[in-house]
Amino acid sequence: MPADTPSPGGERYARHEALSLIGAAGQHKLARSSVLVLGCGSLGSAQAMLLARAGIGRLIVADRDFVQLFNLPTQILYDENDVKARAPKAEAAARRLRAINPEIKIEPVVVNVTAGNIEELVGRADLVIDGADNFETRFLLNDAAVKAGKPWVYGGVLGVDGMVLAVRPGVGPCLRCLFELPPAGGRLPTCDAFGVLNAAAVWVASLQVTEAIKILTGAPYEGHKLHTLDIWRGTASPVAAERKPDCSCCGRRNFEFLKPA
Amino acid sequence: MKKKITVRYFALIGERRGIQNDPYETEAATARELLHELQTNKAIPLTTNISKAAVNDKFVDWDAPISDGDRITLMSPFSGG
């Protein structure tokens with residue numbers, strides 16, 4: 001099958017099509033969809049793998065880093081060969097994803113995300129899934145996605161805990177409705193210092209992908225909530241969230257992170 | 001009169017990390033007053049502009065009232081990924 005005409009049906013997607021929540025109609029919507037995986041670390045690896053297997057028609061995988069040995073326990077797309085080759089993550093991810101599903105388009109982008117290029121990146125897909133490892137990228141993404149009216153799915157992981165928020169601009173709260181500013185560097189712990197359990201990252205990524213699939217297939221909206229996860233205890237708690245009318249981003253549309261410092 | 005509440009610290013550093021239901025007595029009238037009290041009493045590193053409070057699993061403004069029996073969750077966003 002040519003890569004430019006992803007066509008669901010048949011054997012590959014039979015289990016997803018059998019799922020009444022997706023069905024053949026949902027699978028066709030996924031085949032016509034494009035997703036930007038922004039960051040291909042522990043979250044992005046799992047997201048990209050699940051989205052490729054789910055038959056998203058076009059996947060753009062963006063990352064600035066190279067694969068390193070300490071990535072292998074938590075970043076499930078990569079292997080020893082990528083470490084030895086010092087492969088850029090986006091390119092190593094694309095190779096692996098093409099082997100997983102040659103019927104979809106995979107576009108690797110080796111890029112350092114900045115205010116200067118985020119809007120172009122966001123413009124390339126129907127939805128953005130957050131695989132970033134820093135606040136700067138997420139607040140840039142929030143501005144760019146809200147400005148473009150494009151859905152994105154925030155996910156963060158730390159230790160054995162995680163949180164997920166599907167941002168539907170104009171419908172529900174954006175990241176800045178909840179967290180006005182990114183914490184200053186060093187103020188709060190990071191995975192570098194605090195560690196991360198691989199299963200926690202995959203759990204967070206799985207919930208992000210589920211939210212993405214719900215949006216792309218047009219599943220009924222179940223209200224605004226931020227999910228908090230603690231995989232060590234096996235608990236997931238939704239916290240109800242509302243839009244902030246005077247939010248700097250989605251309320252007043254003052255996209256300050258997109259402006260040059 | 002002191003109110004008996006429970007506080008959940010979601011993903012903070014050190015010994016308060018992951019504490020689910022920390023019994024706490026307070027005279028704080030609002031989430032903001034509670035945060036200021038906990039900054040002093042428990043040295044939590046959160047401030048209002050980088051974090052969020054939820055009362056009984058619903059996000060609230062920092063000036064939202066706190067009542068006896070409430071379950072307060074304090075959290076900041078995660079950067080890891």
Side-chain angles (χ1 to χ4, degrees), chain A residues 38-44 47 130-139 154-163 165 173 175 177-185 187-196 200-201 204-205 224-226 228-230 232-233 235 237-242 244, chain B residues 5-24 30-36 38-67 69-81:
Chain A
L38 195 66
C40 293
S42 63
L43 293 177
Q47 294 158 4
D130 165 26
D133 62 358
N134 62 84
F135 286 125
E136 292 73 17
T137 302
R138 291 189 173 97
F139 280 77
Y154 163 66
V157 64
L158 184 70
V160 296
D161 299 319
M163 56 177 68
L165 172 73
L175 186 65
C177 288
L178 303 185
F179 306 108
E180 188 183 335
L181 294 171
R187 188 76 190 254
L188 293 170
T190 64
C191 289
D192 285 352
F194 200 69
V196 60
V204 169
H224 323 308
K225 54 197 167 192
L226 179 139
T228 64
L229 308 173
D230 175 345
W232 204 256
R233 287 189 174 87
T235 57
S237 315
V239 181
E242 297 296 334
K244 201 168 127 190
Chain B
I5 60 171
T6 55
V7 183
R8 177 188 182 213
Y9 300 91
F10 193 64
L12 285 175
I13 44 177
E15 63 185 20
R16 309 224 73 76
R17 192 214 76 77
I19 289 177
Q20 294 288 297
N21 289 298
D22 197 19
Y24 190 73
T30 64
R32 187 188 306 277
E33 288 180 23
L34 175 68
L35 181 74
H36 291 159
L38 293 168
Q39 285 167 344
T40 306
N41 296 351
K42 306 229 178 193
I44 66 162
L46 300 179
T47 54
T48 53
N49 60 359
I50 61 162
S51 60
K52 195 77 182 159
V55 176
N56 303 327
D57 297 325
K58 185 172 183 197
F59 281 117
V60 295
D61 291 335
W62 285 106
D63 293 319
I66 286 175
S67 306
D70 279 348
R71 178 177 186 250
I72 316 294
T73 303
L74 298 173
M75 69 175 82
S76 60
F78 291 172
S79 69

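Here the structure is a predicted model, which is why all the values come from computation and not from measurement. These values consider heavy atoms only, across backbone and side chains, with no hydrogens, waters or symmetry-generated copies.
When all heavy atoms of A/Gly156 and B/Phe78 are compared, the pair lying nearest together is O-CD1, 3.5 Å. Nearest heavy atom pair, residue A/Val239 against residue B/Ala54, reads CG1-CB, 3.6 Å.
Annotation: the span from A/Leu181 atom CG to B/Ser51 atom OG amounts to 11.0 Å, rounded to 0.5 Å. Once rounded to the nearest 0.5 Å, the distance linking OG of B/Ser76 with CE of A/Met163 reads 6.5 Å.
Heavy atoms of A/Pro238 lying under 4.5 Å from chain B belong exclusively to its backbone. The contact between A/Ala132 and chain B is made entirely by backbone atoms, counting heavy-atom distances below 4.5 Å. Only the backbone of A/Leu229 comes within less than 4.5 Å of a heavy atom in chain B; its side chain stays farther off. Within the 4.5 angstrom heavy-atom criterion, only backbone atoms of A/Cys177 (N, CA, C, O) approach chain B.
Within 6.0 Å of atom NZ in B/Lys58, 12 or fewer heavy atoms from other residues, nucleotides or ligands are found, so the atom counts as exposed in its surroundings.
At a threshold of 4.5 Å between non-hydrogen side-chain atoms, the residues B/Arg8 and A/Thr228 count as touching. Contact check for A/Leu226 versus B/Met75: side-chain heavy atoms found under the 4.5 Å cut-off. In this structure, A/Phe179 and B/Lys52 have side chains that are in contact, with non-hydrogen atoms separated by less than 4.5 Å.
By the salt bridge (Lys or Arg N to Asp or Glu O under 4.0 Å) test, B/Asp57 pairs with B/Arg71, sequence neighbours left out. Taking A/Ala200 as the reference, A/Val157, A/Leu197, A/Ile231 meet the side chain to side chain contact (heavy atoms under 4.5 Å, CB included) condition, with sequence neighbours excluded.
Counting heavy-atom pairs closer than 4.5 Å to chain A, the top-ranked of the candidates B/Thr48, B/Asn49, B/Asp61, B/Val60 is B/Asn49. Contact tally against chain B (heavy-atom pairs below 4.5 Å) for A/Arg138, A/Glu242, A/Glu180, A/Lys244: the top residue is A/Arg138.
Under a 3.5 Å cut-off, the side chain of A/Ser42 and the backbone N or O of B/Gly81 do form a donor-acceptor pair.
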